[in-house]
Amino acid sequence: QVQLVESGGGLVQAGGALRLSCAASGGTISTYGMGWFRQAPGKEREFVAHISRFTTSTSYADSVKGRFTISRDNTKNTVYLQMNSLKPEDTAVYYCAARTTGNIYLRGSYNHWGQGTQVTVSS
């Protein structure tokens, strides 16, 4: 069973950038579509981005489109989320997740989750 570990979170000022990493073990990410979700305090966990397993096509939430970029390096078994032009409303715990089938925007489609990494954007 694949295990996912996120890293790269932290505190950054508005307008700054961070790169999150999601390292997989116990399985190869090339067999999964990989997604990033986030959860702010008191809010539902929401979709951020997805990268497909075969074509590496990407999808983004409207709120991050043009600012965030998801990518994958199958040789390193790692998925990344480059976050630029960060805003205070991007503050959340960010989760990496893996799926094989189902709607990419729905949490229930993802079988494996990491523990999350905190991103805090100050104004």
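Side-chain N or O atoms of Glu6 include one that pairs as donor or acceptor with a backbone N or O of Gln115 at under 3.5 Å. Judged by distance alone, the side chain of Ser85 and the main-chain N or O of Arg67 form no donor-acceptor pair under 3.5 Å. Using a distance-only test at 3.5 Å, with no hydrogens or angles considered, a donor-acceptor pair links the side chain of Asn77 to the main chain of Gly27. Thr78 places a side-chain N or O within 3.5 Å of a backbone atom of Lys76 that can act as its donor or acceptor partner. Side chain of Thr91 to main chain of Thr120: no donor-acceptor pair is present (N/O by atom type, distance under 3.5 Å, no hydrogens or angles).
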Check: side-chain hydrogen bond (donor to acceptor under 3.5 Å, both in side chains) between Arg99 and His112: does it pass, once the steps are laid out?
Finding: CA-CA 7 Å; Arg99 57 173 282 282; His112 308 286; over 6 Å; no
Notebook entry, point to check: For Ile104 and Ser59, what are the C-alpha separation, side-chain angles and deciding distance, and is it a side-chain contact (heavy atoms from CB on, under 4.5 Å)?
Noted result: CA-CA 9 Å; Ile104 65 170; Ser59 301; 3.5 Å; yes
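With contacts defined as side-chain heavy-atom distances shorter than 4.5 Å, the pair Ser109/Thr101 does not qualify. Taking the side chain as every heavy atom from C-beta outward, Asn74 and Thr28 never approach each other to under 4.5 Å. A heavy-atom distance below 4.5 Å is found between the side chains of Val119 and Met83. Counting heavy atoms from C-beta on, the side chains of Arg19 and Leu81 never come closer than 4.5 Å.
Here the CG-OG1 distance, from Asn111 to Thr100, works out to 5.0 Å after rounding to the nearest 0.5 Å. Remark: Ile29 CD1 to Arg53 CZ distance equals 12.5 Å, nearest 0.5 Å. Interatomic distance, Met34 CE to Trp36 CH2, rounded to the nearest 0.5 Å: 8.0 Å. With rounding to the nearest 0.5 angstrom, the OH atom of Tyr32 is 11.0 Å from the CZ atom of Arg72. Taking OG of Ser25 as the reference point, atom CD of Gln3 lies at 4.5 Å (rounded to 0.5 Å). Rounded to the nearest 0.5 Å, atoms CG (Leu4) and SG (Cys22) are 4.5 Å apart.
Ala17 and Asn84 get closest at one heavy-atom pair: CB-OD1, 3.4 Å. Shortest non-hydrogen contact noted between Gly116 and Val93 is CA-CG1, 3.8 Å. For the residue pair Ser63 and Arg38, the shortest heavy atom distance occurs at OG-NH2, 3.4 Å. Shown here for Ser123 and Pro88, the closest heavy-atom pair between the two residues is CB-CG, 3.8 Å. Here the closest non-hydrogen pair linking Val2 and Ala24 is CG2-CB, 3.9 Å.
Atom NZ of Lys43 has 12 or fewer neighbouring heavy atoms from other residues, nucleotides or ligands inside a 6.0 Å radius.
Taking the six-membered ring for Trp and the full ring otherwise, the centers of Trp113 and Phe37 sit less than 6.0 Å from each other.
Salt-bridge formation is not detected for the pair Lys87/Asp90: no Lys NZ or Arg NE/NH1/NH2 atom is positioned less than 4.0 Å from an Asp or Glu carboxylate oxygen. Using a 4.0 Å cut-off between charged side-chain N and carboxylate O, Glu46 and Arg107 make no salt bridge.
In terms of hydrophobic clustering, with Ile, Leu, Val, Met, Phe, Trp and Tyr side chains grouped at heavy-atom distances under 4.5 Å, Tyr80 and Val48 are assigned to different clusters.
Only one option out of Tyr110, Tyr60, Tyr95, Tyr105 pairs with Phe47 in a ring-ring contact (aromatic ring centres under 6.0 Å, His included); it is Tyr105.
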